[in-house]
K.L.:
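One structure follows; several queries about it will come next.
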Amino acid sequence: MRIYDKFYINGQWVEPIGKGTSEVINPANGEISATVPYGNAEDVNAAVSAARNAFDSWSRTSAAERADFLRKIAIEGERRNADLTQTIIDELGMPIKNAAEFQVDSLAIICESFADKARQMEEQEEVGNSIIIKEPIGVCAMINPWNYPIWQLIGKVAPAIAAGCTMVVKAASQTPSHLFIFAEICDAVGLPAGVFNMVHGSGREIGGALSSHPDVDLVSFTGSTSAGVQVSNKAAPSVKRVCLELGGKSPFIITEEADLDAAINFGVDHVMVNTGQTCDALTRMIIHESRYEEAVELAKSKAENLVVGDPTDPGVFVGPMSSAGQKQSVLDYIDQAIADGARLVTGGTDMPAGLTSGNYVSPTIFADVTNDMTIAQEEVFGPVLVMIRYSDIDQAIEIANDTPYGLAAGVWAGDKDKATAIARRIRAGQCAINGGAPNHEAPFGGYKESGNGREFGVEGLHEYCELKAMQY
Ligand code: NAP
């Protein structure tokens with residue numbers, strides 16, 4: 001068991017002011033995997049003050065120096081790879097293969113990506129009699145969810161370092177251990193004191209104090225839409241920038257002439273990876289009526305062949321839900337869908353075969369779903385796919401756009417051009433075309449109630465910049 005009892009503030013491990021502690025529970029077996037300090041708003045004040053004091057000198061370092069620190073973090077992160085992977089398994093229950101590939105390996109990749117972009121901070125543009133430059137926005141507060149902890153952490157920290165910002169980070173209460181290791185990494189590479197600071201505690205208290213703090217210039221928040229609204233409200237009086245990366249209920253349109261086998265394989269995997277706890281999961285599959293029953297059979301067979309179980313087993317694809325509460329919430333959605341008349345094709349509320357304990361939920365598929373049902377409108381955040389019929393493409397697009405969200409989408413059509421034409425009509429920030437892979441050099445973010453920010457790529461750097469025009 002890991003025991004942490006200090007926060008990393010101003011380049012030192014310091015005694016928290018708030019005296020609480022919190023246990024981190026392994027969702028696969030219910031054991032305590034770590035204990036961490038649970039601080040209060042005074043800890044936030046100390047961390048913000050350190051970040052504020054460090055900003056002036058850090059913001060004047062050269063882009064090359066900051067890129068160098070990012071590369072050192074990448075190397076040190078790789079040295080701590082096994083430790084980080086085990087932590088993600090222990091606190092989140094993500095199966096080992098995905099924990100390594102989607103999370104821990106991303107640390108070095110994203111650091112390298114923003115190390116390359118740091119020099120853009122020193123470029124200037126001339127427009128008429130103006131010189132236009134980018135400057136770091138200042139002190140950044142970063143509030144993260146539990147579902148892809150390292151990916152989300154590095155997607156904020158790396159561009160902030162590249163831009164010359166200083167920061168205070170809070171992880172989700174459920175998954176804090178990786179953040180303590182990341183602080184050890186920043187310390188090991190000699191990142192100047194006050195550039196990176198971390199505190200831990202409840203979203204309401206610590207997150208609220210960060211959001212409203214007058215010395216914070218930007219809040220980058222990833223989480224639920226409801227908490228994102230609260231962050232915005234708290235931030236409004238100080239007119240700070242708020243970047244929101246929120247929830248989704250993403251559609252996947254499969255046309256009549258699509259390669260159905262490939263499309264269903266892609267779609268089921270997309271929903272079930274990380275046990276459905278993925279913000280951009282394509283949870284609403286919208287299929288032409290002429291191929292609907294064929295698609296249902298293919299999806300059933302694919303879901304029933306997924307290996308569910310112990311996340312430390314390299315052969316497992318679907319691990320436990322991240323917490324008992326999350327499991328219960330998913331089971332409630334399944335019950336509600338059945339009550340609303342959706343057809344249960346596979347899965348349901350029973351434990352997956354062969355498992356008797358842990359927060360497991362069977363990969364579940366519903367057919368005969370209409371888009372007005374709760375299961376089609378609300379983010380379930382579990383291994384649950386719904387299949388909806390359409391008769392013509394205008395109707396499919398109308399269904400795709402008919403939610404408050406707009407984070408992601410997918411289209412599988414006869415060819416790339418046909419799929420792209422459909423994708424252009426969907427109100428979402430991302431679209432997978434005929435199974436296209438994610439690209440960390442492209443901007444990621446939502447339309448509508450899925451948020452207003454963009455992470456990754458050049459746009460991810462721009463979130464941490466102010467623009468200045470100097471006229472001569
Ligand atoms: P959450 O409950 O909104 O929590 C997210 C973070 O915000 C946690 O650190 C939480 O702290 C904190 N928080 C909670 N209430 C707050 C408040 N009033 N003020 C400030 N901070 C507050 O979300 P979650 O359950 O961790 O994560 C799942 C959600 O994140 C899903 O909706 C998912 O779609 C979304 N998500 C979006 C993206 C994206 O890029 N768009 C990526 C991943 C996840 P505590 O843990 O201490 O409560």
Side-chain angles (χ1 to χ4, degrees), residues 18 20 22 24-25 36-41 44 91-92 94 102-103 106 141-156 168-176 178-179 198-213 216 219-236 242-250 271 273-283 321-323 325-326 329-330 378-382 403-408 428-430 438 440 443-456 460 463:
S22 165
V24 183
I25 306 295
V36 293
Y38 217 58
N40 64 23
V44 169
E91 65 183 7
L92 175 62
M94 182 181 264
F102 299 153
Q103 301 237 30
S106 71
M142 301 168 177
I143 305 173
N144 274 325
W146 44 261
N147 63 327
Y148 284 85
I150 295 180
W151 173 256
Q152 274 132 9
L153 171 69
I154 206 64
K156 290 174 169 45
V168 180
V169 185
K170 175 195 137 36
S173 287
Q174 257 173 261
T175 55
H178 69 282
L179 186 57
M198 56 83 54
V199 289
H200 189 61
S202 85
R204 213 161 271 281
E205 179 160 9
I206 298 275
L210 284 168
S211 306
S212 60
H213 204 294
V216 168
V219 186
S220 179
F221 173 86
T222 302
S224 60
T225 298
S226 59
V229 170
Q230 289 174 39
V231 166
S232 296
N233 285 336
K234 290 255 178 175
V242 178
C243 302
L244 300 174
E245 305 288 341
L246 309 175
K249 190 73 192 175
S250 300
V271 172
V273 71
N274 200 20
T275 324
Q277 302 163 124
T278 304
C279 55
D280 62 344
L282 302 175
T283 48
M321 304 301 307
S322 63
S323 68
Q326 191 61 24
S329 162
V330 173
E378 295 186 11
E379 188 182 39
V380 175
F381 232 50
T403 74
Y405 294 114
L407 185 56
Q430 288 266 316
H440 66 263
F444 184 95
Y447 289 17
K448 304 195 282 184
E449 291 183 20
S450 289
N452 57 16
R454 290 294 179 272
E455 291 189 321
F456 305 101
E463 293 282 55

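Below, all heavy atoms of this structure are taken into account, side chains as well, without hydrogens, waters or symmetry copies. All ligand and atom numbering here is 1-based and tracks the order in the structure. If you're wondering where the values come from, they're calculated on a predicted model, not measured in any experiment. In this chain, residues are counted from 1 in sequence order.
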K.L.:
Any non-hydrogen atom of Phe221 lying under 4.0 Å from ligand 1?
P.N.:
yes
K.L.:
Under 4.5 Å between any side-chain heavy atoms of His213 and Val168, yes or no?
P.N.:
no
K.L.:
If you measure from each non-hydrogen atom of Asp280 to ligand 1, which part falls under 4.0 Å: side chain, backbone, both or neither?
P.N.:
neither
K.L.:
Considering both backbone and side-chain atoms of Glu379, is one of its nitrogen or oxygen atoms within less than 3.5 Å of a nitrogen or oxygen in ligand 1?
P.N.:
yes
K.L.:
Looking only at N/O atoms, are Thr225 and ligand 1 under 3.5 Å apart anywhere?
P.N.:
no
K.L.:
Show me which atoms of ligand 1 lie under 4.0 Å from any heavy atom of Ser202.
P.N.:
47 (O)
K.L.:
Would you call Glu449 and Leu246 a side-chain contact if the rule is heavy atoms closer than 4.5 Å?
P.N.:
no
K.L.:
If you measure from each non-hydrogen atom of Cys279 to ligand 1, which part falls under 4.0 Å: side chain, backbone, both or neither?
P.N.:
both
K.L.:
With Asn147 as reference, evaluate Gln174, Gln326, Gln152, Gln277 under the side chain to side chain donor-acceptor pair (under 3.5 Å) test and give the passing residue.
P.N.:
Gln152
K.L.:
I need the contact type for Leu407 against ligand 1. Using non-hydrogen atoms and a strict under-4.0 Å cut-off, is it side chain, backbone, both or neither?
P.N.:
side chain
K.L.:
Any side-chain to backbone donor/acceptor pair from Lys170 onto Val44? Under 3.5 Å, distance only.
P.N.:
no
K.L.:
Within the structure, is a non-hydrogen atom of Gly451 found at a distance of less than 4.0 Å from ligand 1?
P.N.:
no
K.L.:
Measuring from the heavy atoms of Gly201, does anything fall under 4.0 Å of ligand 1?
P.N.:
yes
K.L.:
Just distances here: any N/O of Asn144 and N/O of ligand 1 closer than 3.5 Å?
P.N.:
yes
K.L.:
Return the closest protein heavy atom for atom 37 (C) of ligand 1 as residue, atom name and distance.
P.N.:
Leu246 O, 3.1 Å
K.L.:
For Gln174, is at least one N or O under 3.5 Å away from an N or O on ligand 1?
P.N.:
no
K.L.:
Measuring to protein heavy atoms, does anything land under 4.0 Å from atom 4 (O) of ligand 1?
P.N.:
no
K.L.:
Using distance alone, decide if ligand 1 has a nitrogen or oxygen within less than 3.5 Å of any nitrogen or oxygen in Thr222.
P.N.:
no
K.L.:
Apply the test side chain to side chain donor-acceptor pair (under 3.5 Å) to residues Ser220 and Glu463: give CA-CA distance (whole Å), side-chain angles for both, the deciding distance (0.1 Å), then the verdict.
P.N.:
CA-CA 9 Å; Ser220 179; Glu463 293 282 55; over 6 Å; no
K.L.:
With distance as the sole criterion, is a donor-acceptor pair present between the side chains of Thr278 and Tyr148 under 3.5 Å?
P.N.:
yes
K.L.:
Quick check on Gly445 - does any of its heavy atoms sit under 4.0 Å from an atom of ligand 1?
P.N.:
no
K.L.:
Need the ligand 1 atom indices (1-based, order shown) with element for anything under 4.0 Å from a heavy-atom of Glu245.
P.N.:
37 (C), 38 (C), 39 (C), 40 (O), 41 (N)
K.L.:
Below the 3.5 angstrom mark, is there an N/O of Ala227, backbone or side chain, next to an N/O of ligand 1?
P.N.:
no
K.L.:
When you compare the side chain of Tyr38 with that of Glu205, does any pair of heavy atoms fall below 4.5 Å?
P.N.:
no
K.L.:
Quick one, Leu210 and Val219 - any side-chain contact, counting heavy atoms below 4.5 Å?
P.N.:
no
K.L.:
For Lys170 and ligand 1, does the shortest N/O to N/O distance drop below 3.5 Å?
P.N.:
yes
K.L.:
Mark up the atoms of ligand 1 that fall under 4.0 Å of a heavy atom belonging to Gln230, in ascending order.
P.N.:
18 (N)
K.L.:
Please verify whether a non-hydrogen atom of Gln152 lies at under 4.0 Å from ligand 1.
P.N.:
yes
K.L.:
Is the shortest heavy-atom distance from the side chain of Pro37 to the side chain of His200 under 4.5 Å?
P.N.:
no
